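Only heavy atoms go into these numbers, but all of them, side chains included; no hydrogens, no water, no symmetry mates. Note that this is a predicted model, so its numbers are computed, not measured.
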Amino acid sequence: MSRLYGDPIEVWTRDGVPIQFVWHDRLYAVRRVVDHWVVAREWWKTSDDDPGERRFWRVEASPGRKLGTYELRFDTAGSGWLLVRAWER
């Protein structure tokens, strides 16, 4: 079962792919990218140069030994990251 959050998070990336993030003052190491998709909507655009995209990654990550699945979202307009959903085990 998953829970929805929408919490702002700090994310480190390599070649645009998340490799670790901080959520609730804990550092999570991304072990595996499970899925990645992009949703583009015209009304999300803030300028002509803005693609109006939200980029999503579903990742397996862990702050230690306990592995969970997390859905992260990057907003191209604001360059901000959110933890959208979590499936913690």
Undergrad: Grouping I, L, V, M, F, W and Y whenever their side-chain heavy atoms are under 4.5 Å apart, do F74 and V17 come out in a common cluster?
TA: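 Same hydrophobic cluster.
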Undergrad: To the closest 0.5 Å, what do you measure between OH (Y70) and OG (S2)?
TA: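 Going from the OH atom of Y70 to the OG atom of S2 covers 12.5 Å.
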Undergrad: Any side chain to side chain donor-acceptor pair (under 3.5 Å) pairs touching residues 30-39, not counting sequence neighbours?
TA: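 Residue pairs with at least one partner in residues 30-39: R32-E60.
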Undergrad: Mind checking what makes side chain to side chain contact (heavy atoms under 4.5 Å, CB included) contact with L82, not counting sequence neighbours?
TA: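 So L82 forms a side chain to side chain contact (heavy atoms under 4.5 Å, CB included) with P8, R73, V84.
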Undergrad: Set out, in order, the CA-CA distance, both residues' side-chain angles and the distance that settles side chain to side chain contact (heavy atoms under 4.5 Å, CB included) for V59 and F21, then state yes or no.
TA: CA-CA 11 Å; V59 300; F21 60 92; 4.3 Å; yes
Undergrad: Who else is in V34's hydrophobic cluster (ILVMFWY, side-chain heavy atoms under 4.5 Å, direct or via others)?
TA: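 Answer for V34: none, a lone residue.
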Undergrad: For residues W81 and W23, establish whether the separation of their ring centroids is below 6.0 Å.
TA: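 Here the rings of W23 and W81 have centres that are no less than 6.0 Å from each other.
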Undergrad: Going by the rule salt bridge (charged side-chain N to carboxylate O under 4.0 Å, His left out), which residues pair with R58 if we only count those two or more places apart in sequence or in a different chain?
TA: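 With neighbours one apart ignored, the set is E71.
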Undergrad: For T13, check side-chain hydrogen bond (donor to acceptor under 3.5 Å, both in side chains) against everything at least two apart and list the hits.
TA: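 Result, side-chain hydrogen bond (donor to acceptor under 3.5 Å, both in side chains) vs T13: none returned.
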Undergrad: If I compare all heavy atoms of V30 with all of A61, which pair ends up nearest, and what's the gap?
TA: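 Looking at all heavy atoms of both residues, the closest pair is CA-CB, 4.0 Å.
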Undergrad: Supply the members, apart from V22, of the Ile/Leu/Val/Met/Phe/Trp/Tyr cluster built from side-chain contacts under 4.5 Å; use none for a lone residue.
TA: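 V22 shares its hydrophobic cluster with W12, I19, L27.
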Undergrad: Roughly how far, to the nearest 0.5 Å, is the CG atom of L72 from the OH atom of Y28?
TA: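 The distance works out to 11.0 Å.
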Undergrad: Return the NE2 to CD1 distance between H24 and I9, rounded to the nearest 0.5 Å.
TA: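 One finds 10.5 Å between NE2 of H24 and CD1 of I9.
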